[in-house]
Amino acid sequence: MTSQYWLLKTEPNEFSIDDLKAKGSNGEPWDGIRNYQARNFMREMAMGDTVLIYHSACAVPAIVGEGKIIKTAYDDHFALDPKSKYFDEKSSADKNRWSLVDVAFVEKWQKPVPLSTIKTVKALSEMKLVKQSRLSVSPVTADEYEVLITLK
DNA sequence: GCCAACGTTGGC
DNA sequence: GCCAACGTTGGC
């Protein structure tokens, strides 16, 4: 199967694309996903899939660059750690509700593509980012990806 | 900081 | 299984 495309939201105050870059080839576990739809998309991700990194809850919400999947879905150990802010009392070692994938930095776009621009492009009007604004992990079609990289 | 959208929880 | 109450996300 050919590589797929996804969009991952992150708040730059918490973890920005520069933070991802600083992690280098080891990448970073994409933690804190506590939404079933988002989790299910993470479980579909394959090695080498491209992820678009999106900065949300900031001055200019925008797609700011690209990463890739370097480890497919595995149990989210943060859900089992009472000291973690992502602790989930309803998860246990043999019944963990949540998953993580590891993401590594690929490229920071020279020009971010703001949500305000995306909203004006007809070919991007069906993006989950636009239609389901609160979803933090979502699929991007190959066609949408091709359009997006012309805007960067 | 406001508020719309919407996912989750829990009583019944 | 319905639905009200509540909490969170995230654009503006």
Side-chain angles (χ1 to χ4, degrees), chain A residues 4-23 27-45 49-69 72-141 143-152:
Chain A
Q4 292 187 283
Y5 302 95
W6 307 93
L7 183 141
L8 297 179
K9 292 187 185 177
T10 182
E11 299 188 17
N13 295 340
E14 298 283 327
F15 189 83
S16 72
I17 190 159
D18 295 320
D19 296 322
L20 182 63
K21 184 178 183 179
K23 298 285 178 180
E28 174 77 0
W30 207 259
D31 60 15
I33 302 299
R34 294 289 180 268
N35 168 286
Y36 290 112
Q37 211 181 341
R39 182 207 64 185
N40 292 342
F41 285 134
M42 288 207 301
R43 289 179 176 177
E44 292 178 29
M45 293 176 179
D49 278 2
T50 293
V51 294
L52 298 171
I53 306 296
Y54 177 87
H55 282 175
S56 66
C58 56
V60 184
I63 299 174
V64 292
E66 294 177 37
K68 65 181 174 187
I69 299 300
T72 56
Y74 57 101
D75 277 357
D76 181 349
H77 50 275
F78 296 108
L80 308 179
D81 177 3
K83 290 195 288 270
S84 169
K85 66 172 170 175
Y86 300 123
F87 177 62
D88 171 28
E89 61 179 12
K90 292 183 178 169
S91 284
S92 59
D94 58 344
K95 227 180 176 185
N96 195 326
R97 298 201 292 178
W98 306 112
S99 298
L100 296 169
V101 294
D102 285 3
V103 177
F105 175 82
V106 172
E107 176 192 346
K108 185 174 178 177
W109 288 356
Q110 284 203 333
K111 191 175 70 152
V113 178
L115 178 63
S116 58
T117 300
I118 291 169
K119 282 181 171 173
T120 66
V121 180
K122 185 91 184 297
L124 301 176
S125 62
E126 292 299 310
M127 285 188 72
K128 283 261 193 317
L129 176 68
V130 177
K131 303 201 81 172
Q132 208 175 329
S133 66
R134 293 177 57 216
L135 187 60
S136 57
V137 177
S138 59
V140 175
T141 68
D143 287 346
E144 287 163 350
Y145 177 79
E146 293 303 325
V147 173
L148 285 165
I149 59 175
T150 67
L151 301 171
K152 70 176 184 176

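Below, chain A is the first sequence line, B the second, and so on; all start at residue 1.
- If you take OG1 on A/T50 and CD1 on A/I149, they are separated by 9.5 Å, rounding to the nearest 0.5 Å.
- A/M45 has its side chain out of reach of A/W30: every pair of non-hydrogen atoms, C-beta onward, lies at least 4.5 Å apart.
- The environment of NZ in A/K68 is sparse: at most 12 heavy-atom neighbours from other residues, nucleotides or ligands sit within 6.0 Å.
- Between A/D88 and A/R97 a salt bridge is recorded (basic side-chain N to carboxylate O distance below 4.0 Å).
- Checking A/F87, A/Y36, A/Y74, A/Y86 one by one against A/W98, the ring-ring contact (aromatic ring centres under 6.0 Å, His included) holds for a single residue, A/Y36.
- First and last contacting nucleotides of DNA chain B toward chain A (any atom under 4.0 angstrom from a heavy atom, 5' to 3' order): B/dA5 to B/dG10.
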